Amino acid sequence: MLHWTTIPTATATATTAVTMPKPVTLVVATTADPASIGPASSLLAMPGWLPRPSFQGMISFANKEVRLLQHDNSIVAEDDLDSRWEQAIGEVVDEVIFLSKHTAVSNRPALTIHPIGVPHLREGDAVPQGGRPGWAALPDPRMGPWIRLLKRIAESRGLTPEFEITMEATHHGPVTSKPTMFLEIGSTMEYWRRRDAAQVMAQLVWEGLGLGEGEPVGKWSSEIDKKKVLLGVGGGHYVPRHMDIILKENVWVGHLLSGYSLPMEDPAAPGNLNEIGGTWKEAIRASYEATKAAFPGGEILAHLDHKSFKSWQKNVIVAFLDKENIKIGKPKDFN
């Protein structure tokens, strides 16, 4: 079932109404991953879903302006699902949300959200987890509001403190052209199969996209009052110092670059930007541009995890940000 919006258009002789389909959100799951198909099944158990014709071998369902796709491949293997859907179905895609498992050396249970991309890789580098070297997806503006919503839902259902609720740094694919985020359950088979964790993630999507009685959560508009967007630079994979800010109300979040996405060659005499090898500059630039594009009218502020850098690294990063006219934000700037 398509939902349509009416747009009045004026001509020299008359005013007519042109109907245009509303943009849709793609929610993508795979049967190859229990932490993906579990939340998808819980979501489909909620009211309002209708089956749709198969799409390129994938089964699909519709609920208002949401389309749930289910395939049998790796979650990072299906590139360009958004543009493929637009070309095949004729609906404009607004955003893409992937349901997936999370793995960690610690095996700690976790519910996570993160943007995707591999902006630190060079052309020709291997991409074992998908994506395209040098590419950063448009980050979904919902991420900040949704991580706070996820925390509230998990707490209300008793999953914390057992499960850590956190964002992750930008990593992996697949390639998309529309705002994208991953919702993940970690970190071992025991937790990937947890029904209560799957239900929390399904509830996040249900409430976040406004499929129930409430309004959608985290829809960006250039007309809102709070326009500052955090671009995380530095730190570990779970971005703890950035999370201290992200958990505050009204904070928007773009890309989050951990230290491993900022490869910098240790120079003999640091101080000159041109002497610092590695792809750190390309990673920052690609992530900034993608974040800026995802938040039209927003004020993008780079938030540095200062303690994660050596002094020379921090100095050259600050100099590069200044050269690129990328503003630096301190914690108080996001209040």
Side-chain angles (χ1 to χ4, degrees), residues 27-30 33-40 42-43 74-76 95-118 129-131 136-137 139-157 159-174 176 179-194 196-208 217-218 230 232 235-247 251-261 305:
V27 178
V28 185
T30 173
D33 176 0
S36 180
I37 198 61
S42 293
L43 188 59
S74 165
I75 198 72
V76 300
E95 62 189 325
V96 189
I97 300 169
F98 291 91
L99 305 174
S100 177
K101 66 184 177 184
H102 169 68
T103 59
V105 175
S106 67
N107 293 334
R108 181 177 180 179
L111 304 177
T112 76
I113 298 177
H114 71 83
I116 64 172
V118 283
Q129 292 184 301
D140 194 322
R142 296 188 196 271
M143 291 189 300
W146 276 35
I147 194 67
R148 297 186 289 272
L149 176 60
L150 175 58
K151 188 173 185 290
R152 292 194 293 271
I153 295 173
E155 288 173 347
S156 71
R157 299 200 177 194
L159 263 67
T160 58
E162 180 187 13
F163 280 79
E164 180 181 10
I165 312 301
T166 186
M167 294 198 68
E168 299 177 64
T170 299
H171 64 301
H172 68 61
T176 58
T180 302
M181 65 175 161
F182 262 64
L183 311 181
E184 300 189 356
I185 300 173
S187 298
T188 65
M189 184 65 75
E190 174 188 354
Y191 301 108
W192 299 336
R193 290 177 170 172
R194 281 272 291 264
D196 53 357
Q199 290 172 335
V200 163
M201 284 308 207
Q203 189 67 30
L204 172 65
V205 175
W206 180 262
E207 291 186 26
V217 176
L230 183 147
H237 183 72
Y238 299 101
V239 296
R241 291 189 177 86
H242 305 313
M243 278 297 297
D244 290 341
I245 297 172
I246 292 167
L247 289 176
V251 174
W252 300 90
V253 186
H255 275 288
L256 300 167
L257 294 175
S258 67
Y260 61 75
S261 291
D305 184 339

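Owing to the predicted nature of the structure, the values given are computational and were not obtained by experimental measurement.
When only modelled atom types and interatomic distance are considered, H114 and E184 share a side-chain donor-acceptor pair under 3.5 Å.
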From CA spacing to verdict: side chain to side chain contact (heavy atoms under 4.5 Å, CB included), W146, L183: CA-CA 10 Å; W146 276 35; L183 311 181; 4.0 Å; yes

task: Decide yes or no on side chain to side chain contact (heavy atoms under 4.5 Å, CB included) for Q129 and V118, but give the supporting numbers first.
output: CA-CA 9 Å; Q129 292 184 301; V118 283; over 6 Å; no

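The two residues F163 and T160 come nearest to each other via the heavy atoms O-CG2, 3.6 Å. For the residue pair A169 and S258, the shortest heavy atom distance occurs at CB-CB, 3.7 Å. Minimum heavy-atom separation, H255 to A136: NE2-CB, 3.6 Å. Of all the heavy atoms in P145 and V217, the pair that sits closest is CB-CG1, 3.8 Å. Contact record, A29 with A40: CB-CB, 3.6 Å, taken as the closest heavy-atom pair. Shown here for I147 and G144, the closest heavy-atom pair between the two residues is CG2-O, 3.1 Å.
Two residues are said to be in side-chain contact when any heavy atoms from C-beta on lie closer than 4.5 Å; V253 and P139 fail this criterion.
Distance check: I75 CD1 to L99 CG gives 7.0 Å after rounding to the nearest 0.5 Å. Annotation: the span from R152 atom CZ to L204 atom CG amounts to 10.0 Å, rounded to 0.5 Å. Note that the CG atom of L111 and the CE atom of M167 stand 13.5 Å from one another [nearest 0.5 Å]. How far CD1 of I113 is from CE of M181: 6.0 Å, rounded to the nearest 0.5 Å. Considering NZ of K151 and CD of E155, their distance stands at 3.5 Å, rounded to 0.5 Å. Remark: L256 CG to H242 NE2 distance equals 6.5 Å, nearest 0.5 Å.
Not counting sequence neighbours, the partners of Q203 by the side chain to side chain contact (heavy atoms under 4.5 Å, CB included) test are M46, I153, R157, W206, E207.
Ring geometry, Y238 versus H102: the interplanar angle exceeds 60°, so the pair is classed perpendicular (tilted spans 30 to 60°).
Judged by distance alone, with hydrogens and angles left aside, the side-chain atoms of R194 form no donor-acceptor pair with the main-chain N or O of A35 at under 3.5 Å. A donor-acceptor distance shorter than 3.5 angstrom exists from the side chain of S36 to the backbone of T30, with no hydrogens or angles considered.
When each of R108, E162, K101 is paired with Y191, the side-chain contact (heavy atoms from CB on, under 4.5 Å) condition holds for E162 and for no other.
For an aromatic pair to be called close, the ring centres must be under 6.0 Å apart, and H172 with F182 satisfies this.
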